[in-house]
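This report refers to the structure that appears directly beneath it.
Just the heavy atoms: all of them, side chains too, but no hydrogens, waters or symmetry mates, feed the values below.
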Amino acid sequence: MPNFDKNLYYCPEASGLEVLGELEFSPSYEFDLFVVWREKATGRLAYGQDSGCSCPCPFEWFEVEDLIFAEPWEITQKISTVANEKKSAGYWGASDNDVVNLIEKVVNAR
C-alpha cells in the first residue's frame, strides 16, 4: 500500500519539495511522467521519470535521493530530449506547447 503522505509526487512538501511542472506522455489509464521539482530550502531543481499502469502510483518507490539534481540548462536539455524520444516512439500525450511551458518554468525558476 503506497504511503501518499511521503510520496514525492502527491505530497512533495513532506520532503521539502514542490512540483514545478510535469509532462504526461501517456494519456490513458497508464502514466508516463517527467516531473521537475524545486527544493524549497535551496531553490535547487531536480527531475525524475516514472511510468506504469494505474497501480503502482507515480513515484511510489522514489526518495529525494533518487531524483536527479541539475542546473536549469541541463534540465531543459533533458526535457527536449525526452519529449523528442517519446514523440518519435509514438508515446505522446504532452503537446509541444506543454514542453515549451515546462522549459519556461525551469528557466524562470530561480
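Annotation: side chain of S26 is in contact with side chain of E24 (closest heavy-atom distance under 4.5 Å). Considering only heavy atoms from C-beta on, F31 comes within 4.5 Å of P58 through its side chain. Using a 4.5 Å heavy-atom threshold, the side chains of F25 and V82 count as touching. Here the side chains of L23 and V99 are in contact, with some heavy-atom distance below 4.5 Å. Taking 4.5 Å as the limit, some side-chain heavy atom of K78 sits within range of a side-chain heavy atom of Q49.
Checking side-chain atoms of N108 against main-chain N and O of K105 turns up no donor-acceptor pair under 3.5 Å. Without hydrogens or angle criteria, T76 side chain to W73 main chain gives a donor-acceptor distance under 3.5 Å.
In this structure, CG in L45 is found 11.5 Å from CG in L67, a value given to the nearest 0.5 Å. From L33, atom CG reaches atom OG of S51 across 8.5 Å, with rounding to the nearest 0.5 Å. One finds the CD1 atom of I103 at 5.5 Å from the CD1 atom of I79 (value rounded to the nearest 0.5 Å).
Side-chain heavy atoms closer than 4.5 Å link hydrophobic residues (I, L, V, M, F, W, Y) into clusters, and following such links, even through other members, never connects V100 to V35.
For the residue pair S80/Q77, the side-chain donor-acceptor check at 3.5 Å is not satisfied.
The only option from E39, E18, E71 that meets the salt bridge (Lys or Arg N to Asp or Glu O under 4.0 Å) definition with R44 turns out to be E39.
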Do Y47 and F34 pass the ring-ring contact (aromatic ring centres under 6.0 Å, His included) test, and can you show the C-alpha distance, the side-chain angles, and the key distance before you say yes or no?
CA-CA 7 Å; Y47 68 89; F34 182 96; 5.3 Å; yes
Set out, in order, the CA-CA distance, both residues' side-chain angles and the distance that settles side-chain contact (heavy atoms from CB on, under 4.5 Å) for V19 and V36, then state yes or no.
CA-CA 6 Å; V19 172; V36 179; over 6 Å; no
Derivation and outcome, side-chain contact (heavy atoms from CB on, under 4.5 Å), residues E85 and S88
CA-CA 5 Å; E85 288 172 355; S88 294; 5.8 Å; no
Could you walk me through whether E22 and Y9 pass the side chain to side chain donor-acceptor pair (under 3.5 Å) check?
CA-CA 10 Å; E22 68 183 62; Y9 184 68; 2.9 Å; yes
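In this structure, the side chain to side chain contact (heavy atoms under 4.5 Å, CB included) partners of V64, at least two apart in sequence or on a different chain, are L8, S15, L17, F69. E13 is linked by a side chain to side chain contact (heavy atoms under 4.5 Å, CB included) to C11, K40, counting only residues two or more places apart in sequence or in another chain.
Here the closest heavy-atom approach between residue N7 and residue C57 is recorded as ND2-SG, 3.6 Å. In terms of heavy-atom proximity, L20 sits nearest to A109 at CD2-CB, 3.8 Å. Residue K6 comes nearest to A14 through the heavy atom pair CA-CB, 4.4 Å, listed as atom of the first residue, atom of the second, then distance.
Residue pairs meeting the salt bridge (Lys or Arg N to Asp or Glu O under 4.0 Å) criterion with at least one partner in residues 86-102, sequence neighbours excluded, are D32-K86, K87-D96.
Between W37 and F59, the ring planes lie perpendicular to each other; the angle is over 60°, past the 30° to 60° tilted range.
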